[in-house]
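Down below is the structure, laid out as structure tokens.
Within every chain, numbering begins at 1; the chains are lettered A, B, ... in the order of the sequence lines, protein sequences first and strands thereafter.
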Amino acid sequence: MTRQRELALDPQPSMATRREWLDDGALLLRGHAGAVAVDMVTEIKRIARLSPFRRMATPGGGMMSVAMTCCGARGWCSDGQGYRYVAADPQTGQPWPPMPATWRQLAIHAARAAGYDGFEPDSCLINGYRPGARMGLHQDRDERSDAPVVSVSFGLPAIFQWGGLRRTDPLRRIPLLHGDVVVWGGVSRYVFHGIAPIRAGTHAVTGPCRYNLTFRRTL
DNA sequence: AAGTATCA
DNA sequence: CGTG
């Protein structure tokens, strides 16, 4: 059987994924979510009808340029009081929309590919980036669990800034493209990272937007 | 604390 | 365009 035929029959898109270790414990799965991207972007829009994208305030008094919503049992929020996970959307008073089972399975599969068995995400933060939007250098440290983080990118390309455990550690700049998945955990779990301002453009699936999903275990 | 602006 |  030809390699091409094997790939066409393979129900696991990851088998065709090019893997690149960013660091000990941090794996980039290039294009891993490409085959399901259209369906997942459709789901993002459905979720956003229930819990709309909104820009949150930071404790320092600024406003984030990235628009956010969440799904799953708990969702990440920021306001003048700080960062936290909450079970209900503060804007609607309703629980966050459920995490689609297909998303959960994708996140579990990606985590396993990076060596993290038993990942049970209870939260998915959905970030919407328009051109110019950015995410400053930060650590993900609002979770009580030290389970890994799984990040899935759709739409416009981004430059992922990948640093170290100290804010001043040198940064690597890694392009993240439509369908790319990054997993970080273990000794890389609290690495500083960010997203450079998104360049103007249009993507065939998402239009003038980048979406990023981050799956986490919060408890 | 995941903000922006500005300069060397 | 990058860092501090």
Will you find, in the side chains of [X] and [Y], an N or O donor that is under 3.5 Å from an N or O acceptor?
X	Y	answer
A:S51	A:D89	yes
A:T218	A:D122	yes
A:T214	A:R216	yes

Which word best sums up how the rings of A:W76 and A:Y83 line up, parallel for under 30°, tilted for 30 to 60°, or perpendicular for over 60°?
tilted

Looking across every strand, which nucleic acid part, if any, lies under 4.0 Å from [X] by heavy atom: base, sugar-phosphate, or nothing?
X	value
A:R55	nothing
A:M63	sugar-phosphate
A:G61	nothing
A:R173	sugar-phosphate
A:Q81	base

Just jot down the ring-ring contact (aromatic ring centres under 6.0 Å, His included) partners of A:H203, sequence neighbours excluded, or say none.
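So A:H203 forms a ring-ring contact (aromatic ring centres under 6.0 Å, His included) with A:H178.
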
Whole angstrom is fine here: how far is it from [atom1] in [X] over to [atom2] in [N]?
X	N	atom1	atom2	answer
A:D169	C:dG2	CG	C1'	17 Å
A:H138	B:dT4	NE2	P	13 Å
A:F160	B:dA2	CZ	C1'	13 Å
A:Q161	C:dG4	CD	C1'	14 Å
A:R216	B:dA2	CZ	C1'	10 Å
A:R199	C:dC1	CZ	P	7 Å
A:E143	B:dA2	CD	C1'	12 Å
A:I195	B:dT4	CD1	P	14 Å

Walk me through it: do A:N212 and A:S151 pass the test side-chain hydrogen bond (donor to acceptor under 3.5 Å, both in side chains)?
CA-CA 7 Å; A:N212 181 72; A:S151 160; 2.9 Å; yes

Closest to side chain of A:P59, choosing from B:dT4, B:dA1, C:dT3:
B:dA1

Distance under 6.0 Å and angle within 45° of the ring axis: does A:R210 meet both against A:Y129?
yes

Watson-Crick or G-U counterpart of B:dA1, or none if no pair lies under 3.5 Å
none

Which string of ( ) [ ] | and . matches DNA chain C, if you list each base 5' to 3' and count Watson-Crick or G-U pairs only when both distances are under 3.5 Å?
..||

Has the side chain of A:D142 got a donor or acceptor atom sitting under 3.5 Å from an opposite partner on the base of B:dA1?
no

